[in-house]
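Order of the sequence lines fixes the chain letters, A, B, ..., with proteins taken first and strands second; residue numbering starts at 1 for each chain. Because the structure is predicted, anything quoted here is derived from the model rather than measured.
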Amino acid sequence: MAKTNSKSTNTTTKKSKTTNSKSSSKAKVASKYNFPKETYQFWYERMLLIRRFEEKCGQLYGRQKIKGFCHLYIGQEACVVGAVTALKKEDKWITAYRDHGHPLALGTSPNAVMAELFAKATGCTKGKGGSMHLFDKEVNFMGGHGIVGAQIPLGAGIAFAEKYNKTDNLCICFMGDGAVRQGAFHEALNMAMTWKLPVIFVIENNGYAMGTSVERTSNVVELYTLGEAYDIPSEPVDAMKVEEVHLSLERAAERARKGDGPTLLEFRTYRYRGHSMSDPAKYRTKEELASYKELDPIEMVKEALLSNKMADEGYFEEIEKKTKKIVSDAVDFAEESPYPDVEEIYKDVYVESYPFLKD
Amino acid sequence: MRVIQFREALREAMSEEMRQDKSIFLMGEEVAAYNGAYKVSQGMLDEFGEERVIDTPIAELGFAGIGVGAAMNGLRPIIEFMTFNFSLVAIDQIINSAAKMNAMSGGQYTVPMVFRGPTGNAGQLAAQHSQNFENWFANTAGLKVVVPSNPYDAKGLLKTSIRDNDPVIFMESELMYGDKGEVPEEEYSLPIGEAKIVKQGKDITLVSFGKMMKVATQASAELDKEGISAEVIDLRSVRPIDYPAIIDSVKKTNRLVVVEEAWPLAAISAEIAYYIQRHAFDYLDAPVYRINSMDVPLAYAPTLIEATLPNVARTIEAAKAALYI
């Protein structure tokens with residue numbers, strides 16, 4: 001009974017969101033924003049890379065090339081590519097376990113990410129972290145964390161170090177909508193604001209904590225308002241629109257770099273696929289999924305590129321071809337790479353030498 | 001030699017290291033303005049300022065995680081728990097974040113930090129404030145667990161723990177902060193993982209660590225009076241454990257008693273008993289005995305506490321059983 005009730009509530013909320021998004025017509029998209037061609041093309045190309053990469057992951061998981069838990073990012077691509085253009089490369093990134101999109105957006109080699117998913121020695125964590133624990137220090141991607149909400153204090157701590165060292169850098173700390181119900185979220189937000197840490201907390205609200213809709217987890221369903229409990233400037237963002245993602249993060253970054261402390265952004269997004277590869281997502285309707293696919297972030301950028309005459313059909317064909325090749329090369333690379341040597345089990349556990357118990 | 005309190009030894013270790021290395025900071029409940037719940041950090045706010053000696057709200061999970069994040073990003077935090085009893089709400093960050101970051105990230109992100117504070121019973125504090133988790137933390141790869149028993153070791157080991165590039169759990173005791181001991185003024189540090197033979201002996205080996213060293217030492221003194229010569233070993237750390245030191249002693253005495261404050265199941269004593277039967281079986285002339293707290297939560301009443309905790313009488317009894325007398 002409760003389930004039915006909450007589902008209908010959920011649909012209502014989604015519908016109102018849908019209406020909002022649709023109210024800005026395609027013509028408006030072109031005129032409302034003023035981003036250069038390079039930015040739109042970057043967005044398009046990175047989002048398409050993530051989309052095609054993740055679609056391939058879905059297939060490979062079915063063929064048991066990728067094992068373990070695997071959470072796809074399809075539908076949420078705008079959240080990360082908009083962050084790349086709004087922030088600077090010295091800024092630190094951290095997220096939970098739906099983490100393939102973040103390093104790909106930051107420029108981690110797709111070969112290294114795919115090899116990691118294949119558990120190969122050439123993977124971005126040498127076959128040790130897998131899908132849920134991707135890391136890439138080269139691009140300041142600090143993981144890939146498997147315990148819901150645990151990355152939120154870590155993100156505050158990363159920002160603490162930046163403030164301690166008096167740098168101009170910040171930390172962007174992503175989380176799902178499920179994580180905001182963890183104590184770690186509230187403790188970290190409180191201290192981050194008290195100490196004015198340069199951190200941007202981003203809730204990627206895709207509507208569902210695994211199979212449980214936001215509405216079934218609390219009376220407070222406007223998640224951005226949770227930040228207000230700690231006096232943190234907080235706002236909802238239509239995160240199917242990459243321009244909105246970029247602009248909201250620019251505002252938050254300015255605040256962080258000025259020493260004003262954290263911002264909480266609720267990115268309203270949607271995942272097209274189930275929670276993980278084992279989830280058929282029966283808790284939501286086909287109509288709901290279809291309504292979001294109409295707002296596809298990649299399609300909207302494509303429309304913007306076309307209507308602003310920043311690209312022609314030839315461009316899209318070329319990018320599609322190029323992206324498919326990047327992904328298929330990554331699969332080949334992963335296939336051909338070796339598994340880690342067994343001696344690796346005692347490496348990277350301690351920095352210092354350590355007398356492991358072996359008998 | 002100069003004599004100072006345990007708490008002063010800890011303070012000196014932190015302060016000396018903080019003077020050397022600006023990336024070290026101290027964070028925890030009441031560590032700054034209040035000068036430490038047990039006055040370990042007295043005066044440190046005045047010397048280092050509020051940027052490096054930081055009071056937190058009562059939010060162990062949050063500030064433990066902030067410490068781990070800061071360590072991943074280049075700092076060397078010292079996170080104080082008012083007691084390790086409160087570390088349980090932060091244990092996810094200790095086990096899942098601090099201990100595993102190096103491994104999960106394939107060596108890209110390490111966590112050079114110390115979690116410190118008192119452990120174990122401390123007077124009539126009842127069940128929730130009187131627990132020992134040395135064996136819990138010692139079970140986890142990626143951590144080191146140091147449990148000093150006196151001011152000299154405390155200072156030398158804390159300095160090493162702060163300089164260590166891996167996460168270290170450093171466990172003290174409310175009941176020992178006022179203990180006095182000889183601590184030289186000159187610079188020194190002690191390696192993690194080396195046990196100390198506190199007293200040489202030939203008839204039986206007593207192994208212990210932390211506050212229970214008092215029980216082991218007193219039991220040894222009583223045994224001496226009866227003509228029984230006990231060798232007493234202070235492990236000083238329980239991850240790693242200095243097994244060679246125990247083996248060497250058992251080869252000499254052929255008998256072993258382990259004294260530990262934690263509950264018995266899956267305790268450090270159980271681990272040592274396994275290791276000795278596996279690696280020194282032919283040297284044993286009697287079963288390995290252990291004295292742990294009884295397998296129950298610690299109560300408030302003094303009679304029940306007396307019946308629960310390891311004590312000198314039980315230790316002597318075990319030693320005599322191992323000697324078949």
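- Listed in order of number, the residues of residues 87-114 of chain A that approach chain B to under 4.5 Å between heavy atoms are A/Lys92.
- Around the OH atom of A/Tyr339, the shell of radius 6.0 Å holds no more than 12 heavy atoms that belong to other residues, nucleotides or ligands.
- Across every non-hydrogen atom of B/Ala141 and A/Val349, the tightest pair is CB-CG1, 4.2 Å.
- Looking at A/Asn190, the atoms closer than 4.5 Å to chain B (heavy atoms on both sides) all sit in the side chain, from C-beta outward.
- For a residue to count as touching a neighbouring chain, one of its non-hydrogen atoms must lie under 4.5 Å from one of that chain's; by this rule A/Leu357 touches chain B with the side chain only.
- Counting only heavy atoms from C-beta outward, the side chains of B/Met104 and A/Lys128 never approach each other to under 4.5 Å.
- For chain B, no part of A/Tyr346 is nearby; none of its heavy atoms comes within less than 4.5 Å.
- With a 4.5 angstrom heavy-atom cutoff, A/His145 touches chain B only via side-chain atoms.
- The part of B/Ser23 that comes within reach of chain A is its backbone (N, CA, C, O), which places non-hydrogen atoms under 4.5 angstrom from that chain.
- Looking at B/Phe25, the atoms closer than 4.5 Å to chain A (heavy atoms on both sides) sit in the backbone and in the side chain alike.
- Side chain of A/Glu352 to main chain of B/Asp164: no donor-acceptor pair is present (N/O by atom type, distance under 3.5 Å, no hydrogens or angles).
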- Task: Show the numbers, then the answer: is there a side chain to side chain contact (heavy atoms under 4.5 Å, CB included) between B/Asn73 and A/Met142?
- Result: CA-CA 9 Å; B/Asn73 202 11; A/Met142 301 179 77; 4.2 Å; yes
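- B/Tyr34 OH: 12 or fewer foreign heavy atoms inside a 6.0 Å radius.
- For a heavy-atom cut-off of 4.5 Å, chain B lies close to A/Pro153, A/Leu154, A/Ala156, A/Gly157, A/Ile158, A/Phe160, A/Ala161, A/Glu162, A/Tyr164, A/Asn165, A/Lys166 in residues 151-171 of chain A.
- No more than 12 heavy atoms of other residues, nucleotides or ligands lie within 6.0 Å of NZ in A/Lys65, so this atom counts as exposed by the packing criterion.
- Here the NE2-CG distance, from A/His186 to B/Leu61, works out to 11.5 Å after rounding to the nearest 0.5 Å.
- Under a 3.5 Å cut-off, the side chain of A/Tyr350 and the backbone N or O of B/Leu143 do form a donor-acceptor pair.
- Between the NE2 atom of A/His133 and the NZ atom of B/Lys100 there is a distance of 8.0 Å, given to the nearest 0.5 Å.
- Interface remark: B/Ile54 contributes side-chain atoms only to the contact with chain A (heavy atom separation under 4.5 Å).
- The shortest distance between side-chain heavy atoms of B/Ile66 and A/Trp195 falls below 4.5 Å.
- The parts of B/Phe63 that come within reach of chain A are both its backbone and its side chain, each placing non-hydrogen atoms under 4.5 angstrom from that chain.
- Using a 4.5 Å cut-off between heavy atoms, B/Glu50 does not touch chain A at all.
- Dense packing is recorded around CD of A/Glu335, with more than 12 heavy atoms of other residues, nucleotides or ligands lying under 6.0 Å away.
- Residues of residues 84-99 of chain B lying under 4.5 angstrom from chain A, judged on non-hydrogen atoms, are B/Asp92, B/Gln93, B/Asn96, B/Ser97 by number.
- Note on B/His279, B/Arg239, B/Arg52, B/Met101: by heavy-atom pairs under 4.5 Å with chain A, the leading option is B/Arg239.
- Contact count versus chain A (heavy atoms, under 4.5 Å) is highest, among B/Ser105, B/Gly107, B/Ala103, for B/Ser105.
- A 4.5 Å side-chain heavy-atom check between B/Asp166 and A/Tyr354 finds every atom pair outside the cut-off.
- Distance alone, capped at 3.5 Å, is enough to place a donor-acceptor pair between the B/Gln108 side chain and the A/Cys124 backbone.
- Only the side chain of A/Met191 comes within contact range of chain B, judged by heavy atoms closer than 4.5 Å.
- No other option in A/Lys347, A/Lys137, A/Lys126 has as many heavy-atom pairs under 4.5 Å with chain B as A/Lys137.
- Below 4.5 Å, heavy atoms of chain A meet heavy atoms from B/Leu75, all part of residues 74-82 of chain B.
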